[in-house]
Amino acid sequence: PTDSFHTGDSWDSVKAEVMAAVARGCDCVEVTGGEPMAAPWITDLVRLCVELNLPPRIITSLICPDKTLDDVLDAGVDDFLVSMHGAKDETHDAILHVPRARHFQRRRLAKIAARMDYCVNYSMLAANQAEMADFAWWLLNCGHRPPKVANFICFNVFGDWLRSPEWIDKGKENILDPAIAGPILDEAIDILEEAGIGVNVRYTPYCMLAERHWKNICNDLHVALDFGEWDNAI
């Protein structure tokens, strides 16, 4: 069986997905992975979406050659959703298991910010649950335009993590402590909203946050109605 964590789709299958989206009446495309910026067809995909008047957004950690980023920008990508999993470089690098990942991400993010708006994702894990407020301050003081939206996504152990007892145990090690993370996330939301940045919190129990932030929560049944989410072939 194919391991979806380590293999990519063929260009023909990707084109077929785009055409199926057109047939369903979709008016934009969101490209996710894995790491789509590592796909050999990513620039061709952006060009195809632009030709079909489907503004494409790419979810990425920006682990890619600089030339790939330049080509995608020149091809007309509409938006980026950049995965940034910690305030500290070492936290982000450890979560991605890629040395100097944040070092290169900062450089490429500055290039994006010089040309367009963008959004960010922060997967909330035990390893980074104490850094969310610091991350919010970092976004506001990074030396270029901040994101228009920040998504904080609570890790859970469902889906692919249920494939074996070993994977379940590994997944449980990633789960945050709501008593620790909740007040820090409340602070992060206040910091970002005060600066005019939109904040979504996904797959998170309401009791983890102050009531003033219940409006920010977007869980499973909300996603289909969320302007910033995909249709999942509905």
Side-chain angles (χ1 to χ4, degrees), residues 4-5 21 24-34 36 57-61 79-87 91-92 95-96 117-136 139 146-163 167-234:
S4 62
F5 280 83
R24 289 197 303 273
C26 294
D27 57 8
C28 59
V29 167
E30 190 157 64
V31 190
T32 187
R57 176 165 80 157
I58 300 175
I59 303 178
T60 174
S61 297
D79 195 6
F80 281 96
L81 181 52
V82 181
S83 298
M84 308 182 73
H85 304 314
T91 303
H92 178 81
I95 289 170
L96 266 62
D117 288 328
Y118 63 95
C119 305
V120 298
N121 271 343
Y122 188 110
S123 291
M124 297 186 290
L125 310 168
N128 64 14
Q129 64 183 355
E131 297 183 21
M132 291 177 287
D134 290 340
F135 176 69
L139 290 175
K148 57 187 176 183
V149 174
N151 299 316
F152 291 90
I153 304 170
C154 190
F155 173 83
N156 64 62
V157 76
F158 299 112
D160 285 319
W161 290 97
L162 298 178
R163 61 172 63 184
W167 272 70
I168 292 172
D169 289 341
K170 182 180 177 182
K172 286 179 179 178
E173 293 175 2
N174 286 326
I175 296 174
L176 56 73
D177 182 341
I180 296 172
I184 297 172
L185 181 54
D186 277 329
E187 182 181 357
I189 296 171
D190 287 337
I191 292 166
L192 293 170
E193 289 191 329
E194 178 71 21
I197 297 171
V199 180
N200 292 315
V201 180
R202 303 203 190 284
Y203 318 126
T204 299
Y206 279 73
C207 60
M208 183 171 135
L209 292 179
E211 187 172 353
R212 70 182 182 278
H213 294 142
W214 288 1
K215 63 179 173 47
N216 300 88
I217 293 177
C218 180
N219 289 338
D220 301 71
L221 296 179
H222 306 118
V223 169
L225 306 178
D226 181 356
F227 176 79
E229 279 290 333
W230 52 83
D231 76 348
N232 287 319
I234 294 173

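Keep in mind that this is a model prediction, so the values were computed, not measured.
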Query raised in the report: Is the number of heavy atoms from other residues, nucleotides or ligands under 6.0 Å of Lys172 NZ greater than 12?
Result: no
Indicate yes or no: at least one non-hydrogen side-chain atom of [X] is less than 4.5 angstrom from one of [Y].
X: Ile175; Y: Phe155; value: yes
X: Asn219; Y: Ile217; value: yes
X: Leu81; Y: Glu30; value: yes
X: Ser61; Y: Met84; value: no
X: Leu185; Y: Val201; value: yes
X: Lys148; Y: Cys119; value: yes

Strictly below 4.0 Å, N to O, side chains only: are Arg212 and Glu193 in salt-bridge contact? no
For the pair Ile153 and Tyr122, evaluate side-chain contact (heavy atoms from CB on, under 4.5 Å) and give the outcome as yes or no after the intermediate values.
-> CA-CA 6 Å; Ile153 304 170; Tyr122 188 110; over 6 Å; no
Just verifying a value: how many Å separate [X] [atom1] and [Y] [atom2], rounded to the nearest 0.5 Å?
X: Trp167; Y: Leu162; atom1: CH2; atom2: CG; answer: 11.0 Å
X: Ile189; Y: His213; atom1: CD1; atom2: NE2; answer: 4.5 Å
X: Glu173; Y: Ile168; atom1: CD; atom2: CD1; answer: 12.5 Å
X: Asp117; Y: Asp79; atom1: CG; atom2: CG; answer: 7.5 Å

Between [X] and [Y], what is the shortest heavy-atom contact and its length?
X: Pro178; Y: Pro183; value: O-CD, 4.2 Å
X: Thr204; Y: Cys154; value: OG1-CB, 3.2 Å
X: Gly86; Y: Thr91; value: CA-CG2, 4.3 Å
X: Arg202; Y: Asn200; value: NH2-ND2, 3.7 Å
X: Leu192; Y: Phe152; value: CD1-CE1, 3.8 Å
X: Ile197; Y: Pro147; value: CG1-O, 3.4 Å

Run the side-chain contact (heavy atoms from CB on, under 4.5 Å) check on Met124 and Met132 step by step: do they pass? CA-CA 8 Å; Met124 297 186 290; Met132 291 177 287; 3.3 Å; yes
With no hydrogens and no angle check, is any side-chain donor or acceptor of [X] less than 3.5 Å from a backbone partner on [Y]?
X: Tyr206; Y: Glu211; result: no
X: His92; Y: His85; result: yes
X: Asp134; Y: Glu131; result: no
X: Glu187; Y: Ala133; result: no
X: Asp186; Y: Leu209; result: no

Where do Ser83 and Ile59 land on the side-chain contact (heavy atoms from CB on, under 4.5 Å) test, with the steps shown first? CA-CA 7 Å; Ser83 298; Ile59 303 178; 4.2 Å; yes
ask   = Which is it for Val82 and Asn121 under the side-chain contact (heavy atoms from CB on, under 4.5 Å) test, yes or no, and what are the steps along the way?
value = CA-CA 6 Å; Val82 181; Asn121 271 343; over 6 Å; no
